Amino acid sequence: MSHFKSLAQKVINQTQLKQFHAHLIQNSLHHQNYWVALLIHLCTRFHAPPPYAACIFNSALQPNVFVFTNMLKFHSQRGALSDVLALFDQMQKLDVKPDAFVYPLLIKSAGKAGISFHAHLLKMGLDCDKYICNVIMDFYGKYGHIETARKLFDEIPDKSVADWNSIISGYWNWGNELEAKTLFDLMPEKNVITWTAMVTGYSKMKDLKNARMFFDEMPERSVVSWNAMISGYAQNGFTEQALSLFSEMLSAGIRPDETTWVAVISSCSSSGDPNLAGSVVNMVNAKGIRLNSFVKTALLDMYGKCGNLDMARKIFDELGVYRNLVTWNAMIAAYTRAGDLASARELFYQMPEKNIISWNSMIAGCQQNGQSAMAIELFKEMLANKGLRPDEITMVSVISACGHLGALELGNWVVEFLTENQMKLSISGYNSLIYMYSKCGSMGQAKKIFQEMGTRDVISYNALITGFAAYGNGIEAVALLSKMKQESIEPDRITYIGILTACSHSGSLEEGRKVFESTQAPDVDHYACMVDLYCRVGKLDEAKRLIDCMPMHPHAGVYGSLLNASRVHKRIDLGEFAANKLFELEPENSGNYVLLSNIYASAGRWEDVDRIRGLMKKERVKKTTGWSWVEHAGKIHRFIVGDHSHELSLEIYRVLRDIKERMRNAGYIADKSCVLRDVEEEEKEEMVGTHSEKLAVAFAILVSEPGTIIRVVKNLRVCRDCHTAFKIISELEGREILVRDNNRFHCFKDGFCSCKDHW
DNA sequence: ATAGGGTTAG
């Protein structure tokens, strides 16, 4: 007997557990309740697979209350409520009387699923037991009503330290700092658990100062106390403090456990530093630490955040049945972060259950990878899925998706949804609204949200400034720059890009030059804005001079501005210079070849036009596909050049023919048919077909109410041809047409366009 | 036996 007992004590992992089990079978001891209970206890400690534990359980001939209790513990630790309840059922059927040891387990497991055993226990007269009473109170503090917990607490005649600790944790759970602190001060005797609960409580309130104060003042510390403080730092983004406290812990001679490693690993993940991650992995390997599923999931996440998808997936596959919801979510996030939406979606639809984080990861993942329409589809799918409510994080992604698509209708619906569901927004929520309205060209609404906000940050300002910049409203943008300085919010590089873009779009040379000179350490994008500004006001030689003295390598955007301006001002020399640079930097971009060829064409240099065309063929330049889209009745309708695939295609072309006819009648010369390119004309002039933005506008004319603003988004630059067409259409139709391209708005009204581009 | 620490989404 004592021989086996000492063997049992030496078991430290699953392999040794199996050896010990085999040893018992050899000696035919594996039917005895004592050993069965002990084996199940070891299964719990070493996270053995449930079928293995069940097999041990079933070898008991007549399981007694100890066997049942340990098996309940096993299932309870796994959080398998249905198994816990089934076992409790079996227990009653076999007439094994549950004792006071069983109930706390039941209450805890059921509590997580929101089931209360209180009534049942009252009936059994067990509510007087001090342990059961404590667990019931704890249950109410965690999952039910803290007031009920308090009532029970007040009725306890001689309160134990555990009772005090339960009620204090309960208050922290509900964020009631005041009551938690009051009870802490009233407590006659405190132990290490009380102090640790205070550290965790303050950490959860993001009050790391007080958390650390309690940590420093506690009379004794356990490994749990250290973990609480390190995790507190880790969860609030204080990576350095977490790691330095960890090394302090090591110097204090405290042995880190798995939870310590989870906190340390997650700290390194948020830093995203592969070197730091590597050194942690080395440490973990060197110490030969047993890795439970929490540690493995934390490692998975760390690899995902450092861009090592293969290692992340390897851990995911190895975890097998030990994967939980968090593991799945971490893996999905790793894929979306790497831009692999296909793999992310595959896992998303495979996972056994989803929570709000799963949905948010997927929705935000789509949005960040340019799949805004898919993000919105997923959001609708989520709403159809009863039982899960979106939260602010969901809404921020969806609102941003609306902004990206210019889907104002949908955006307004989302805002209504927020009010109806009484969802409170934080700064980032408001910021996403400003971004959305700015991207939809509703600067009035964007400004209104901005003004309604109690506190604003640099992102709020940037969103609004970028909006005004796209609109070409330099005055408002520059005014916001001084306003933010008044509010002592420090502008960042994005702010300056916005201001310079606004100056460029509004042609404010002097203002822009002043802003550029005041920019601290301007980077390549700031130079690009300034070059663009010189180009737009026609000072091409100054633009070239600025390019020549840039302290860094110019990117394609810089030469792009110059090339475009060279075409407008018919400067062959600068056009050739810019185009040659661009052919090196982005040889696949067809637009550059077309622009240069147009410059030659306008100068009548036809042999050069042919040369460029030949170059395009030789370089096998792909045509850049530009999409245009327009929102109608909650749907996004997409068009590509020469598109005939839309269900209303015939009517769309009829609208265009109709407009063309009216143009002729109104005396416009429909040269090259700026509204419609017929199939015959396409063939004749080697054209691909009618521009996508014209199709989108025609669709909008067809389906929307007369007099309403037409909003179209184009993912490339709006060309001169369309520009002319939309001016005329706005006059003929008596409608406002708002086209958003790459980075700016063209607002057509009564035959004019708001933007000051020269063509 | 009851009370304290853990991984995921913006």
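Numbers restart at 1 for each chain; the letters A, B, ... are given by sequence-line order, proteins then strands. All figures in this text were calculated on a predicted structure; none of them were measured in a lab.
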Residues of residues 341-354 of chain A with any non-hydrogen atom less than 4.0 angstrom from an atom of DNA chain B: list those, numerically ordered, please. none
N/O (side chain, A/Q235) to phosphate O (OP1/OP2, B/dT7) under 4.0 Å: yes
Counting only side-chain heavy atoms from C-beta out, which of B/dG6, B/dA3, B/dT8 sits nearest to A/I357? B/dT8
Would you say a side-chain N or O of A/K305 is under 4.0 Å from OP1 or OP2 of B/dA9? yes
A/D138 CG to B/dA1 C1', in whole Å, measures 14 Å
Give one of base, sugar-phosphate or nothing for A/S358, where a contact means two heavy atoms less than 4.0 Å apart. nothing
What's the CE-C1' distance between A/M198 and B/dG4, to the nearest Å? 12 Å
Does any pair with a residue in residues 196-205 of chain A pass side chain to side chain donor-acceptor pair (under 3.5 Å), and if so which ones, sequence neighbours excluded? A/T196-A/S225
Kindly list each side-chain donor-acceptor pair under 3.5 angstrom involving residues 363-373 of chain A, sequence neighbours excluded, with atom names and distances?
unit_1	atom_1	unit_2	atom_2	d
A/Q367	OE1	A/S372	OG	2.9
A/N369	ND2	A/T336	O	3.1
A/N369	ND2	A/G365	O	2.8
A/S372	OG	A/H404	ND1	2.9

Tell me what A/S225 touches on the nucleic acid: a base, only sugar-phosphate, or nothing, going by heavy atoms under 4.0 Å. base
Polar pair under 3.5 Å, donor/acceptor by atom type, side chain A/S222, base B/dG4: yes
Taking the minimum atom-to-atom distance to the side chain of A/V135, which one of B/dT2, B/dA3, B/dT7 wins? B/dT2
For A/R323, answer base if it contacts any base atom (sugar-phosphate contacts may also be present), sugar-phosphate if it contacts only those atoms, and nothing otherwise; contact means non-hydrogen atoms under 4.0 Å. nothing
Among pairs that include at least one residue of residues 147-162 of chain A, which meet salt bridge (Lys or Arg N to Asp or Glu O under 4.0 Å), considering only residues two or more places apart or in two chains? A/R150-A/D154, A/R150-A/E179
Nearest to the A/S428 side chain among B/dG10, B/dT2, B/dT8, which nucleotide is it? B/dG10
Rounded to the nearest angstrom, tell me the gap between atom CD1 in A/I265 and atom C1' in B/dT8. 14 Å
Side chains of A/S279 and A/N282: is there a donor and an acceptor less than 3.5 Å apart? no
Please classify the nucleic acid contact of A/K159 as base, sugar-phosphate, or nothing, using heavy-atom distances under 4.0 Å. nothing
Whole-Å gap separating P (B/dG10) and CG (A/D301): 10 Å
Among B/dA9, B/dT8, B/dA3, the one nearest any side-chain atom of A/N134 is B/dA3
A/Y233 OH to B/dT7 P, in whole Å, measures 17 Å
Is A/A364 touching bases, backbone alone, or none of the nucleic acid, heavy atoms closer than 4.0 Å? sugar-phosphate
What about A/N191, does its side chain sit under 3.5 Å from the base of B/dA3 through a donor-acceptor pair? yes
Would you kindly say whether A/N355 and A/S358 are connected by a side-chain donor-acceptor distance under 3.5 Å? yes
Touch check for A/V396, heavy atoms < 4.0 angstrom, all strands: base, sugar-phosphate only, or nothing? nothing
Going through the checks in order, is the side-chain contact (heavy atoms from CB on, under 4.5 Å) test met by A/N70 and A/T44? CA-CA 8 Å; A/N70 282 3; A/T44 311; 5.9 Å; no
Candidate list A/I254, A/T259, A/T260, test side-chain contact (heavy atoms from CB on, under 4.5 Å), partner A/P256, passing option: A/T260
Contact class for A/V199 (heavy atom, under 4.0 Å): base, sugar-phosphate, or nothing? nothing
Using a heavy-atom cut-off of under 4.0 Å over every strand shown, decide if A/E258 touches base, sugar-phosphate, or nothing. base
For A/E258, check side chain to side chain donor-acceptor pair (under 3.5 Å) against everything at least two apart and list the hits. A/R290
Do A/T194 and A/N191 have a side chain donor and acceptor closer than 3.5 Å? yes
Parallel under 30°, tilted from 30 to 60°, perpendicular over 60°: which one fits the rings of A/F316 and A/W328? perpendicular
What does A/T196 touch in the nucleic acid at a heavy-atom separation under 4.0 angstrom: a base, only the sugar-phosphate, or nothing? base
A/I356 CD1 to B/dG10 P, straight-line distance once rounded to whole Å: 13 Å
Considering only B/dT2, B/dT8, B/dG4, which nucleotide approaches the side chain of A/T200 most closely? B/dG4
Roughly, in whole Å, what's the span from CE in A/M302 to P in B/dT8? 12 Å
Straight-line distance of A/I40 CD1 to A/F68 CZ, nearest 0.5 Å: 9.5 Å
Where the side chain of A/A333 is defined as all heavy atoms beyond and including C-beta, which of B/dA3, B/dT7, B/dA9 is the nearest nucleotide? B/dA9
From CZ of A/R221 over to C1' of B/dG4, roughly how many Å is that when rounded to an integer? 15 Å
Using the side-chain heavy atoms of A/N355, tell me which of these nucleotides is nearest: B/dT8, B/dG6, B/dA3. B/dT8
Positions of residues 165-186 of chain A (non-hydrogen atom under 4.0 Å from DNA chain B), listed by number: A/N165, A/S166, A/S169
A quick test of your reading: do over 12 heavy atoms of other residues, nucleotides or ligands sit less than 6.0 Å from CD of A/Q350? yes
